[in-house]
**Student:** 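Following this message is one structure expressed as structure tokens.
So that the names make sense, note that chain A is the first sequence line, chain B the second, and so on, each numbered from 1.
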There are 2 protein chains.
Amino acid sequence: MTSPEKATATVGRKRNHKLDEAILESAIDILAEAGFDGMTMDMVSTQAKVGKATVYRRWSSKAELVRDAMVHMSRNSLNIEHLPDTGTLRSDLMALLKPHSLEYSERKLKVLAGLGSFYAGYQEIAEDAMQGIFEPWSVLNRTLMLRAQERGEISPQADIDMACEIIVAMVTYHSRIEHRVFSKEDYATLLDHILLPALKHAEG
Amino acid sequence: MTSPEKATATVGRKRNHKLDEAILESAIDILAEAGFDGMTMDMVSTQAKVGKATVYRRWSSKAELVRDAMVHMSRNSLNIEHLPDTGTLRSDLMALLKPHSLEYSERKLKVLAGLGSFYAGYQEIAEDAMQGIFEPWSVLNRTLMLRAQERGEISPQADIDMACEIIVAMVTYHSRIEHRVFSKEDYATLLDHILLPALKHAEG
DNA sequence: ACATAATTACGATACATTATAGTTTCGAAA
DNA sequence: TTTCGAAACTATAATGTATCGTAATTATGT
């Protein structure tokens, strides 16, 4: 439930539901910056330019707000466009990269990395959000690799799942740990030096 | 610096340096259980069976204690004494991991998974800690790979630096994002399916 | 050699400071 | 009659400091 429900009163001033979104967006911003424990309700209400009572009128606790903010964030996952078909796996994978930069999902990665203690109480929700963010990209990569496998470009024994996992792992590692963007050149190097040789020469 | 230094006074009662270790071990235990924000200095001193002043006499802040605890933790999970020399790169790399440290490395990954707000609030110290954990391991991995390269087991064009980076990236990704353990078996799979084939068949 | 003073570490605990979740109150607006 | 922003307020919790009586160690005096 991304927007809080409330038996709408028939009389009195109407609730401004645009504030729901403003609050959720602010929560995500601050989660990305400071993590779950670093986020305070005062920071959220200040950045959303609403009173704190307005936040608590919609969500009765910080945990519930964060839970809904994560679901809200996952909803705007990248849209699947048409699959590239250039003839080689390398250029297929690179072509998939072109539309959206790798730093596009930077904020989402930061949010997930800063979830810390929130995981303890809401592990399922957090993992759902994580999947919503990475699955689409991994699915596309996996599809392209499977196609390459079918046409004999890579080995029948190739570990496609792990290759996809390495891609995501390297992007998150560079953005969160090394604090530099995993550029398109880095991505090409990863493909040329490691992943493509491994996929081509995998043995039983 | 895993043990705090202090200009040893010539008079007075001597410091009991066994308490240093007790405090660090307690810190790791609690970090694994509760994460950075869930760990309190009172919990540490209680579990270590020392007074809180004894903790603060050695570390002037929680962040510094956590940093040293992490470095201490990583020291005990590697065989830094002797470089393995088993004849093959695969068993060399595997031998580098301590044989009976499965539970220990699980605890280690739990610790890493609970560090979210440590990164957010103490970025510089947290990065020192991460470097203290992974740098020794990467150095050893690189050395073993270079040796394998010299004896012709892997290609002269092998991208050793990126291979080492992938290892660290996968460990941190699994612990901090996916929140599941990157086990010894996972590590073996990474080597067998991706890294070793890539290193052996790398081309210009 | 022995006693005593000086000095430091120790565990325990009280304290001070600060931070934050959550509540309530206010006047204004719809 | 209800929502709004703003802000005061309460309750709680944790970091870091200070105090206290005691134990360990060294220096000094006899």
**Student:** Quick one: list whatever passes side chain to side chain donor-acceptor pair (under 3.5 Å) with A:Gln149, sequence neighbours left out.
**Tutor:**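 Not a single residue meets the side chain to side chain donor-acceptor pair (under 3.5 Å) criterion with A:Gln149.
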
**Student:** Quickly work out the B:Leu19 CG to C:dT8 P distance and round it to whole Å.
**Tutor:**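 Spelled out: CG on B:Leu19 to P on C:dT8 is 19 Å.
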
**Student:** Answer yes or no: is there a donor N or O on one side and an acceptor on the other, between the side chain of B:His72 and the main chain of B:Asp68, under 3.5 Å?
**Tutor:**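 Checked: no pair found.
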
**Student:** Tell me whether the side-chain N/O atoms of B:Arg15 come closer than 4.0 Å to OP1 or OP2 in C:dT8.
**Tutor:**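 So the side-chain polar atoms of B:Arg15 never come under 4.0 Å of the phosphate oxygens OP1 or OP2 of C:dT8.
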
**Student:** Grab the CH2-C1' distance between A:Trp59 and C:dT23 for me, whole Å please.
**Tutor:**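 Answer to the nearest Å: 19 Å.
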
**Student:** Can you check whether B:Arg57 has a side-chain N or O nearer than 4.0 Å to OP1 or OP2 of D:dA18?
**Tutor:**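 So the side-chain polar atoms of B:Arg57 never come under 4.0 Å of the phosphate oxygens OP1 or OP2 of D:dA18.
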
**Student:** Hey, is the main chain of A:Glu185 close enough, under 3.5 Å, to the side chain of A:Thr189 for a donor-acceptor pair?
**Tutor:**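 Judged by distance alone, yes, a pair lies under 3.5 Å.
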
**Student:** Rounded to the nearest 0.5 Å, what separates atom CD in B:Glu165 from atom CD1 in A:Ile166?
**Tutor:**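 It is 12.0 Å, given to the nearest 0.5 Å.
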
**Student:** Would you find a donor on one side and an acceptor on the other, under 3.5 Å apart, between the side chain of A:Asp186 and the backbone of A:Ser183?
**Tutor:**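 Pair found, side chain donor or acceptor close to backbone of A:Ser183.
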
**Student:** Are A:His193 and B:Gln157 close enough that some pair of their side-chain heavy atoms sits under 4.5 Å apart?
**Tutor:**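 Of all side-chain heavy-atom pairs linking B:Gln157 with A:His193, none is under 4.5 Å.
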
**Student:** Would you mind reading off the distance between A:Lys49 atom NZ and D:dA7 atom C1', rounded to a whole angstrom?
**Tutor:**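 Spelled out: NZ on A:Lys49 to C1' on D:dA7 is 19 Å.
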
**Student:** Round to a whole Å and report the spacing from CG of A:Asn16 to P of D:dT2.
**Tutor:**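 Value for this atom pair: 18 Å.
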
**Student:** Nearest whole Å is fine: how far is D:dG5 C1' from A:Ile23 CD1?
**Tutor:**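 Atom CD1 in A:Ile23 sits about 12 Å away from atom C1' in D:dG5.
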
**Student:** Reading nucleotides 19-30 of chain D 5' to 3', which nucleotides get B (base under 4.0 Å from a protein heavy atom), which S (sugar-phosphate only), which -?
**Tutor:** ----BBBSS---

**Student:** When you check every protein heavy atom under 4.0 Å of nucleotides 14-21 of chain C, what one-letter string (B, S, -) results, 5' to 3'?
**Tutor:** ------SS

**Student:** Is the count of non-hydrogen atoms from other residues, nucleotides or ligands lying under 6.0 Å from B:Glu33 atom CD greater than 12?
**Tutor:**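 No, because the 6.0 Å sphere around CD of B:Glu33 holds 12 heavy atoms or fewer from other groups.
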
**Student:** For A:Thr86, is there any backbone N or O sitting under 3.5 Å from a side-chain donor or acceptor partner on A:Asp92?
**Tutor:**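 At least one qualifying donor-acceptor pair exists.
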
